[in-house]
Each structure stands twice: as C-alpha cells, then as structure tokens.
Number of protein chains: 2
Amino acid sequence: MAKYPKIPEATIRRLSNYLKALLDLESKQEKVASSALIATICNVNAAQVRKDFAYFGEFGIRGMGYNVKELKFHIKEILGINRIWRIAVVGIGNLGSSLLMYKDFLKQNYKIVAAFDIDPVKVIGHISEQMGKPVEILHIDNLKEVVKARNIEIGIITTPPQEAQKVANLLVDANVKGILNFSPSPVRVAEHVKLRNVFFTAALDHLVYYMSN
Amino acid sequence: MAKYPKIPEATIRRLSNYLKALLDLESKQEKVASSALIATICNVNAAQVRKDFAYFGEFGIRGMGYNVKELKFHIKEILGINRIWRIAVVGIGNLGSSLLMYKDFLKQNYKIVAAFDIDPVKVIGHISEQMGKPVEILHIDNLKEVVKARNIEIGIITTPPQEAQKVANLLVDANVKGILNFSPSPVRVAEHVKLRNVFFTAALDHLVYYMSN
DNA sequence: TATTGTGAAGCCTTTCACAGCA
DNA sequence: TGCTGTGAAAGGCTTCACAATA
C-alpha cells in the first residue's frame, strides 16, 4: 500500500491511455517508442509523458526511447494489473451481457467470474441464443456467498438506475473491495470501498460541448 | 462558437456529473439542491461546484440553493445538449447493439438514427431475436450517403480495433463533426473533427490502482 | 546525435474565507 | 440566518529548457 509518493490523479488516468497506446504499438510490431510518439498518440505533451513515468522510475534509454514491451510491463505493474482481478457483473441486460463478451477485459487481466440478475432464467435465454453462455447467470440472492467462494474483489453494476444503490449495498455487504457503477444513477458507499461512477453519456457530453463551443 | 471565456476542461467533465446528479435528484422529487449537496453526491468541494457554475452565470438563490429543474436546464444549455444530436453507430457487435438499446441516450437528447455493419444481415438476426430492431442495420458502404441524408453529426465507433481507424476515416469523409471511439485502439483524425477515444478498461484501471495503492 | 530525466518557471485549478444577498 | 458568488491565497500540474547519457 502507498507504494509510491503522491501521484497526480491525472497521471493515473494518462497511464491507462499510455498502456492502450503501447498495446496498439505492440500489435503493430513496434519495438521502441519515444516519448514524442506516445505523446502524439495520446494527445499530450512529450515532457508530460516523461514526467509521468519518472514518478515511478527510469524506464527509458537516452537517445533511444522506451522499449515497448518493458514499458507495458512497468505500467501494468504500477496500475496493479500485473495479476488477475476477479469480477462480478450484476444486472445482465444489454450492457451487462456485452461486458460478459468483451474480449478486451481478459487481455488486461480482468476476469469476469460471476454474473447476477434478478431473473437469471429469462437472461440465460438471451445470452445463450446470442452466443453460448460465457459464465453462468446466477440469482442475485446468491451474491454474497458466491463473491466469497470465488474470491471476487470487484463488482460491476449494470442494473437499471433504480436498483443501483441497492446492488451497491449488497456488494459492499459481500465484501468486494471496489465497485464500478455503469448505471446512470450515482451511488455512494462506505469510505473503505473504492468506487467509480462511470456515465456513458459523459463522453458524448464532453464531445458535444467542444463541438458547440 | 466560443460562447464562453476559457473554461477549464475539468469543469466540463464535472458539469456532466452535476447533470447526472440533478437528473437523479429530480427523479426523487427534490426541488432544490445546495452546492454542498451536489458536492457530496459528486465527491467534490462545494466551492468548486459554485465556481464551476459561476463561469456561466448566477444560477442560484442565496440562502436557498439551486432550483433543480432550472439548473438542469442551464447545464444542458452550456453543454450544448439543449437540442437533439443525431448519431450513427458503426459496428453492431455486442457493445454496438447495447448502445442501440440504451435508454439513457435519448433522455439526454442523443438520438441514434443509423446503425452500420459490414454484415448487416447476420446482425439483424441477433438484434431482432433479442428485442425487435430499434433502427435498421445498414451496410457500411452506404455510410456516406446516409450520414448526409439523415443529417448525422456524430459517429460512434464500436468495431473491433483493427477496423477502428478505417471507420474513423470513413466518418470523417462523410463529414461528421464529432467521433466517439469505443474500440480499444486509439484513432486519429484531422483537427477540424472533434474526437474522443473512450476506453472501457480505463475506469477499471483507475479503480484497481486505488485498490492496490 | 537523439532522446531521456528533471529543476525551475509559469500557469492553471482548487480551496479558503468572507462579503453579498434572499 | 443560510447559502451563493467571488477575490485572494494556496496548491498542484504542466511545460520549458537543458544537463545527462546511451
């Protein structure tokens, strides 16, 4: 815990972007990347890129740049995704089921190991019609025991807004350590649980503001 | 254009959150909200909330707080979502089809008026099995003409990563004014088109960092 | 030579604290 | 009285510019 000195929150956000850029460069067989290249891809200043890395160590080679694979490794380590995180998704509607199928999670060490709904039977119909079931859909009444049995640390909420807070409470009660709320209604939880309310429309709002102004 | 003085980017991000908080308060029949209440819901400082609004005008009543409906109206106006924005979604896989069904978009004046895929026939099967088709799925070859015919200003990319840049180019060529890229591969476009690369895993990365440190 | 790592400057953002006002 | 609106102070982040070095 508190492995690093105080890091700007903005730096953490950018690290996640740098990682995406590196994965992309890697898929294009690039071995080395300069701070200038990374900066261009991520729309930031090159000095910013170097400074962000410098909080955590010296990862580059002067005159050369950064080794893509190595840097990727370091960033994953910094973010804490150098190990698998076990996740439960609650609310298997459209968004929930698309998360269950989302390939990119596993690539980044996020593993969905349980899925819950109020009406698993109805839901199983949809999913298996669509593409075979990736994980069994369980009734939400079993949440607490399954979270414990499967060592789940993160809960993702994809229910309708009216249910979001209730589900958040259930997840806290089941001792998850972090919650990602994708429902459009912000939830609140006790201090010791990390929380992110993620609004789908936020990116559109942002885009539209800059399109209008 | 440039209706307002220079506004911090962070303010714009928060406005979008405030709006969500207000919609939530409204759905709970709250008529008035203080900066302190909004601050609590959105996890920011109350002075910050007031200052954010103050960039755009005086929306509150001293001693009282803010009228929820009125403030909601003002924020929508500031963000530019006081009118309908017509959107095309390209790539109707799991994520794409869940966006097509997403109720919250319409609530915030975002209207998906076209959907494109490389294989519309296959896709139509899925969607209509699932819940009737909300918009017709068209072949991507028709993108340019349909964007024009339907006055589409925004394109959302939900293709696999390998196709993302190609689709971005198509959208730019079709004269959309803004692009939201939900694919995990960052794309680049000409300056005059507004762009946001939105990574699904970013929120998880962020959450996990704070769970680990 | 090319590019990193970094002190220092400058800028921007947040927070404080209180005047202003319903 | 209670809460907004805001100038000023504090704090934090970004950018510059260049020394360090592969």
Side-chain angles (χ1 to χ4, degrees), chain A residues 2 4-18 21-22 25 30-75 78 206 209-210 213, chain B residues 2 4-18 21-22 25 30-75 78 206 209-210 213:
Chain A
Y4 303 111
K6 186 161 155 340
I7 310 295
E9 167 133 9
T11 293
I12 302 308
R13 258 205 309 276
R14 284 190 298 265
L15 283 176
S16 183
N17 286 346
Y18 300 152
L22 290 168
L25 287 168
E30 302 291 339
K31 302 294 182 223
V32 174
S34 68
S35 59
L37 173 62
I38 298 173
T40 303
I41 299 175
C42 299
N43 288 306
V44 294
N45 177 294
Q48 178 87 78
V49 174
R50 297 197 296 277
K51 191 135 266 189
D52 283 338
F53 297 155
Y55 285 113
F56 305 97
E58 303 198 357
F59 304 144
I61 300 164
R62 290 168 197 234
M64 280 281 274
Y66 300 87
N67 179 304
V68 171
K69 274 200 164 42
E70 236 172 65
L71 186 55
K72 187 189 76 169
F73 175 84
H74 285 302
I75 296 181
I78 292 163
H206 199 265
Y209 176 81
Y210 288 105
N213 288 282
Chain B
Y4 304 112
K6 183 156 159 342
I7 310 295
E9 167 136 8
T11 293
I12 303 306
R13 257 205 310 277
R14 284 190 298 266
L15 282 177
S16 182
N17 286 347
Y18 300 153
L22 290 169
L25 287 168
E30 303 289 340
K31 302 294 181 223
V32 174
S34 67
S35 59
L37 173 61
I38 298 172
T40 303
I41 298 174
C42 299
N43 288 307
V44 294
N45 178 292
Q48 177 86 266
V49 173
R50 297 197 296 275
K51 190 136 267 187
D52 283 338
F53 297 154
Y55 285 112
F56 306 96
E58 304 199 358
F59 304 145
I61 301 163
R62 291 168 196 232
M64 281 281 273
Y66 300 86
N67 178 304
V68 170
K69 276 199 162 46
E70 236 172 65
L71 186 55
K72 188 189 75 169
F73 175 85
H74 285 302
I75 296 181
I78 293 165
H206 199 264
Y209 176 81
Y210 289 104
N213 288 281

With sequence neighbours excluded, residues passing side chain to side chain contact (heavy atoms under 4.5 Å, CB included) with [X]:
X	answer
A21(B)	I41(B), C42(B)
N67(A)	K69(A), E70(A)
F59(A)	F53(A), F56(A), Y66(A), L71(A), H74(A), I78(A)

With heavy-atom distances below 4.5 Å as the criterion, would you say the side chains of V32(A) and I61(A) are in contact?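 Answer no - side chains too far apart.
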Under 4.0 Å from a heavy atom of chain B: give me the 5'-most and 3'-most nucleotides of DNA chain C that qualify.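 The contact span of chain B on DNA chain C goes from dT13(C) to dA22(C).
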Determine the minimum heavy-atom distance between [X] and [Y], stating which atoms define it.
X	Y	result
A47(A)	N45(A)	N-OD1, 2.6 Å
I75(B)	L15(B)	CG2-O, 3.6 Å
L22(B)	V68(B)	O-CG1, 3.7 Å

Can you name the residues that form a salt bridge (Lys or Arg N to Asp or Glu O under 4.0 Å) with K72(B), not counting sequence neighbours?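 E26(B).
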So if I take residues 50-62 of chain A and measure heavy-atom distances to DNA chain D, which residues fall below 4.0 Å?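 Result for residues 50-62 of chain A: R50(A), K51(A), I61(A), R62(A), sorted by number.
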For Q48(B), all residues meeting side chain to side chain donor-acceptor pair (under 3.5 Å), sequence neighbours excluded: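 Result, side chain to side chain donor-acceptor pair (under 3.5 Å) vs Q48(B): R14(B).
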Holding to side chain to side chain donor-acceptor pair (under 3.5 Å), I want the full list of residues that pass it with E9(B), two or more places apart in sequence or in another chain.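 Per chain and number, E9(B) pairs via side chain to side chain donor-acceptor pair (under 3.5 Å) with H206(A).
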Does anything in residues 31-40 of chain B form a side-chain hydrogen bond (donor to acceptor under 3.5 Å, both in side chains)? List the pairs, not counting sequence neighbours.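 Qualifying pairs, neighbours excluded: S35(B)-R50(B).
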Using heavy atoms and a sub-4.0 Å distance, could you list which residues of residues 65-73 of chain B are near DNA chain C? By number, please.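 Result for residues 65-73 of chain B: none.
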Nearest 0.5 Å, please: how far is CG in N17(A) from CD1 in I12(A)?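 It comes to 12.0 Å.
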First-last contacting nucleotides on DNA chain D - partner chain A, under 4.0 angstrom, heavy atom: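 Here the contact window of chain A covers dC13(D) to dA22(D).
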